[in-house]
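Taking it in order: structure first as structure tokens, then the write-up.
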Amino acid sequence: MSKFDVFQDRGHYATIDTLEEAISLAEVLLGGVQEGEEATFSVHDEEGNLKASLTNRRIIGTFHKQRWGGWKNDQAISCGEEEFDATNAVLLLEPNQLNELASMYELTDAIGRDHVEWDGPFDVYLDEAVCAFFGVGDLEEITPEALAYVRSRYNPKPLEEHTLEVPVKIHLRVAPGVSVEDFLTNMSMRVLSQTPGITVSGFERA
């Protein structure tokens, strides 16, 4: 008869006879985690394959902001970092994308850009948060079956598209002889989000 192992944050907790009982135990253990504490309970089969993960964590990515600097203005200099909740975006990835996330820089950058507004160079880090969420030591340990289980549990949603129409007042200081009409014809405007999780995908003048 197959056996299933329950782990708490990669530390062995118990060996159970059936997958259903192992998941039920993990559910009970997760319900007993004290408020303010984080934990992940993972269930593996006898071969060590991940079957399910239960957690109160979120996948919190780190967006490292940079600016060009240095003598030739060709060095990316750190100027702060911002955390963002990447749970939905990560859980919507395909299994092969999730397994290779640490080396797929274009993908991690795209996830970062979808959540944080920034116009300079940057680095995005997700892999450690993903591993902690699933209770594994390496992304390659996340099986399609475990991803499917977590998706069914969390029901991740894609980004939503919203359009806002906002009246704008522009206060000008106009030099004598300069036409305000020329300003209206030639002006450009930019809108930047200061809210993690919201980025501006487009802007049009009315």
Side-chain angles (χ1 to χ4, degrees), residues 1-64 81-105 107-112 114-116 123-160 195-198:
M1 178 182 292
S2 297
K3 298 284 187 178
F4 296 88
D5 293 306
V6 178
F7 291 79
Q8 178 177 357
D9 294 323
R10 300 175 60 200
H12 187 263
Y13 187 91
T15 299
I16 307 297
D17 289 334
T18 69
L19 178 60
E20 292 74 17
E21 290 175 331
I23 292 176
S24 295
L25 173 61
E27 189 82 62
V28 171
L29 293 173
L30 181 61
V33 175
Q34 294 185 1
E35 185 175 352
E37 295 185 359
E38 293 184 333
T40 298
F41 297 91
S42 55
V43 178
H44 303 250
D45 64 17
E46 289 180 309
E47 287 72 42
N49 299 310
L50 182 65
K51 309 296 284 186
S53 296
L54 296 86
T55 185
N56 61 356
R57 288 183 164 95
R58 303 291 290 177
I59 299 173
I60 304 301
T62 306
F63 190 104
H64 289 267
E81 63 182 47
E82 189 168 327
E83 292 186 339
F84 63 96
D85 191 334
T87 308
N88 285 282
V90 170
L91 295 186
L92 288 171
L93 297 177
E94 296 301 321
N96 64 306
Q97 292 177 310
L98 190 57
N99 295 151
E100 300 173 12
L101 192 61
S103 60
M104 297 179 70
Y105 303 116
L107 179 56
T108 56
D109 285 355
I111 293 174
D114 281 341
H115 293 81
V116 178
D123 288 317
V124 176
Y125 296 97
L126 288 170
D127 50 314
E128 289 186 5
V130 175
C131 286
F133 183 90
F134 280 90
V136 297
D138 192 282
L139 294 172
E140 293 184 354
E141 298 176 40
I142 302 171
T143 62
E145 182 177 358
L147 178 58
Y149 176 84
V150 172
R151 279 180 179 170
S152 68
R153 182 179 177 86
Y154 285 89
N155 191 25
K157 301 289 194 305
L159 295 174
E160 299 177 353
T195 304
I198 297 179

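Just so you know, residue 1 is the first one in the sequence shown, and it goes up from there.
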Could you measure the distance from the [atom1] atom of [X] to the [atom2] atom of [Y]? Nearest 0.5 Å is fine.
| X | Y | atom1 | atom2 | value |
| --- | --- | --- | --- | --- |
| R151 | L92 | CZ | CG | 6.5 Å |
| I60 | D85 | CD1 | CG | 4.0 Å |
| I111 | L93 | CD1 | CG | 5.0 Å |
| L19 | D45 | CG | CG | 9.0 Å |
| F63 | L126 | CZ | CG | 11.0 Å |
| H115 | N88 | NE2 | CG | 7.0 Å |

Quick one: does D5's side chain have a donor or acceptor within less than 3.5 Å of a partner on G48's backbone? no
Heavy-atom check, side chain of [X] versus side chain of [Y], under 4.5 Å:
| X | Y | answer |
| --- | --- | --- |
| D114 | F84 | no |
| K3 | D17 | yes |
| L50 | S42 | yes |
| V130 | I59 | yes |
| L139 | C131 | yes |
| D9 | R57 | yes |

Before you tell me yes or no, could you show the steps for V90 and F133 under side chain to side chain contact (heavy atoms under 4.5 Å, CB included), namely the whole-Å CA-CA distance, both residues' side-chain angles and the distance that decides it to 0.1 Å? CA-CA 11 Å; V90 170; F133 183 90; over 6 Å; no
So does [X] have more than 12 non-hydrogen atoms from other groups sitting under 6.0 Å from [atom1]?
| X | atom1 | answer |
| --- | --- | --- |
| E47 | CD | yes |
| E140 | CD | no |
| Y105 | OH | no |

Basic-acidic side-chain contact under 4.0 Å: E83, R58: no
Might you point out which heavy atoms bring [X] and [Y] nearest each other, and give the distance in Å?
| X | Y | result |
| --- | --- | --- |
| S53 | V150 | O-CG2, 3.8 Å |
| L25 | A14 | CD2-CB, 4.0 Å |
| S2 | F4 | CB-CE1, 4.1 Å |
| Y149 | K51 | CB-O, 4.1 Å |
| G135 | T40 | N-CG2, 3.5 Å |
| V124 | T108 | CG1-O, 3.5 Å |

Which of parallel (below 30°), tilted (30 to 60°) and perpendicular (above 60°) describes H44 and F7? perpendicular
In sequence, state the C-alpha distance, the side-chain angles, and the governing distance for T62 and H64, and then conclude on side chain to side chain contact (heavy atoms under 4.5 Å, CB included). CA-CA 6 Å; T62 306; H64 289 267; 3.4 Å; yes
Tell me yes or no: between the side chains of T18 and E21, is some donor less than 3.5 Å from an acceptor? yes
